[in-house]
Amino acid sequence: MTSRLRISHVQLRGLWSLGLAWARDHHDVYNALLSGALAGALAKTAVAPLDRTKIIFQVSSKRFSAKEALRLLYYTYLNEGFFSLWRGNSATMVRVVPYAAIQFSAHEEYKRVLGRYYGFHGEDLPPWPRLLAGALAGTTAASLTYPLDLVRARMAVTPKEMYSNIFHVFIRISREEGLKTLYHGFTPTLLGVIPYAGLSFFTYETLKSLHREYSGRRQPYPLERMIFGACAGIIGQSASYPLDVVRRRMQTAGVTGYPRASILRTMITIVRDEGAVRGLYKGLSMNWLKGPIAVGISFTTFDLMQILLRHLEG
């Protein structure tokens, strides 16, 4: 009888430990979701006017220059008002909040899984698993939120008379172009997000690891995090930019007059009409301005929110 009770007691302690571990893991996921959502919202709102301007150039045959971009911003402000510079940002938030939340929390989970597999803790992953964790996180988030990205691109390049709100975009696309259109351009998105997310997370995590090693401080200062994030943004976006241009053309083909086509056909058309560099890298200089700001803000916000939430729990 005593041995039975002893076994039951041990089993109960084991179940209790498992329950605590399960609750802790789920709590970490919720914290990562919340931190990622806030990080994405702040980052995208900060650069929304530049992002909208970039998309307009990407989906047109107009030659890009800094002067033309500033002129477009200025005339948009004059003709449509200050807040028109953020047109489509509501759709961006509807997409970015779940996208960033899923991407950051997925990245934390992939780091844990790969860390256990390779016998490392998440922050100390070797280079290839670190790159893989970022790529998998980006792929997961893009797959789950792609239709929202297409809607945001449509709203950014059309006058407000065409689509009154996010739901109107969904209704018109499904009625006039078919539900399959909501995933038009998904393949170049996926091909682009793998190097983008992989290199972004890899660069940021690597710079933080090098900082710990050479500075002796466990946590970088916020400004240092911003710089690490800016470097991550430049590298990630430069590597995947041509596919970003192709994706935007495919997403907006129904409203800009361009015929629907495959990735290869779209890319050939851009190169033939506008040139390889001028066409496929159109707006990249603006991305070098907005990308580092956005990625720097998002990574820094995520890390600081995680630290704050752990501090509040403690």
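Values below: all heavy atoms of this structure, side chains included; hydrogens, waters and symmetry mates excluded.
Of all the heavy atoms in Ala41 and Val96, the pair that sits closest is N-CG1, 3.9 Å. Closest non-hydrogen pair, Pro129 versus Leu114, comes out as O-CD1, 3.4 Å. Residues Val295 and Gly229 come closest through the heavy atom pair CG1-O, 3.2 Å. When all heavy atoms are compared, the tightest approach of Ile102 to Ala141 is CG2-CA, 3.8 Å. The two residues Pro98 and Met93 come nearest to each other via the heavy atoms CD-O, 3.9 Å. Taking every heavy atom of both residues into account, Ile297 and Ala46 meet most closely at CD1-CB, 3.9 Å.
One distance of note links CZ of Arg130 with OG1 of Thr206; it measures 4.0 Å at 0.5 Å rounding. In this structure, Met305 CE and Leu38 CG are separated by 5.5 Å, a value rounded to the nearest 0.5 Å. Rounded to the nearest 0.5 angstrom, Tyr204 OH and Ile227 CD1 are separated by 11.5 Å. Distance check: His168 NE2 to Arg175 CZ gives 7.5 Å after rounding to the nearest 0.5 Å. Taking CD from Gln219 and CG from Leu304, the interatomic distance works out to 9.0 Å, rounded to the nearest 0.5 Å. Separation of atoms NZ (Lys111) and CG (Leu136) is listed at 13.5 Å; rounding is to 0.5 Å.
Classification of Asp273 and Arg278 as a salt-bridged pair fails, no side-chain N sitting under 4.0 Å from a carboxylate O. Salt bridge status for Arg172 with Glu176: present, with a side-chain N to carboxylate O gap under 4.0 Å.
Linking Ile, Leu, Val, Met, Phe, Trp and Tyr residues whenever their side-chain heavy atoms come within less than 4.5 Å places Tyr110 and Tyr118 in a single cluster. Hydrophobic clustering (side-chain heavy atoms under 4.5 Å, transitive across Ile, Leu, Val, Met, Phe, Trp, Tyr) keeps Leu264 apart from Leu191. In the hydrophobic clustering of this structure, Trp128 groups with Ile235; members are Ile, Leu, Val, Met, Phe, Trp, Tyr whose side-chain heavy atoms approach within less than 4.5 Å, directly or through other members. Residues Leu150 and Phe170 are members of one and the same hydrophobic cluster, defined by side-chain heavy-atom contacts under 4.5 angstrom among Ile, Leu, Val, Met, Phe, Trp and Tyr. Leu33 and Phe302 are assigned to two separate hydrophobic clusters, defined by single-linkage of ILVMFWY side chains at heavy-atom distances under 4.5 Å.
A distance-only check finds a donor-acceptor pair linking the side chain of Thr300 to the backbone of Met226 [under 3.5 Å]. Looking only at distances, no side-chain donor or acceptor of Ser209 sits under 3.5 Å from a matching main-chain atom of Glu205. Side-chain N or O atoms of Ser262 include one that pairs as donor or acceptor with a backbone N or O of Arg265 at under 3.5 Å. Side-chain atoms of Thr301 never come within 3.5 Å of backbone atoms of Ser298 as a donor-acceptor pair (strictly under, hydrogens ignored).
Looking at heavy atoms from C-beta onward, Gln103 lies out of side-chain contact with Thr140 at the 4.5 angstrom threshold. Ile234 has its side chain out of reach of Thr203: every pair of non-hydrogen atoms, C-beta onward, lies at least 4.5 Å apart. Between Arg154 and Thr181 the shortest side-chain heavy-atom distance falls below 4.5 Å.
Classification of the Phe228-His211 ring pair by plane angle, with boundaries at 30° and 60°, yields perpendicular.
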What side-chain donor-acceptor pairs closer than 3.5 Å can you find for residues 193-202, not counting sequence neighbours?
unit_1: Ser200; atom_1: OG; unit_2: Tyr196; atom_2: O; d: 2.7

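Within the structure, ring-ring contact (aromatic ring centres under 6.0 Å, His included) pairs that include any residue of residues 136-158 comprise Tyr146-Tyr183, Tyr146-Phe186 (at least two apart or interchain). Within the structure, salt bridge (charged side-chain N to carboxylate O under 4.0 Å, His left out) pairs that include any residue of residues 219-235 comprise Arg217-Glu224, Arg225-Asp303 (at least two apart or interchain).
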- Given salt bridge (Lys or Arg N to Asp or Glu O under 4.0 Å), test Asp149 with Arg248 step by step and report yes or no. CA-CA 10 Å; Asp149 185 43; Arg248 293 300 182 200; 3.4 Å; yes
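Side-chain contact of Ser238 with Tyr281: a donor-acceptor pair under 3.5 Å is absent, judged by distance alone.
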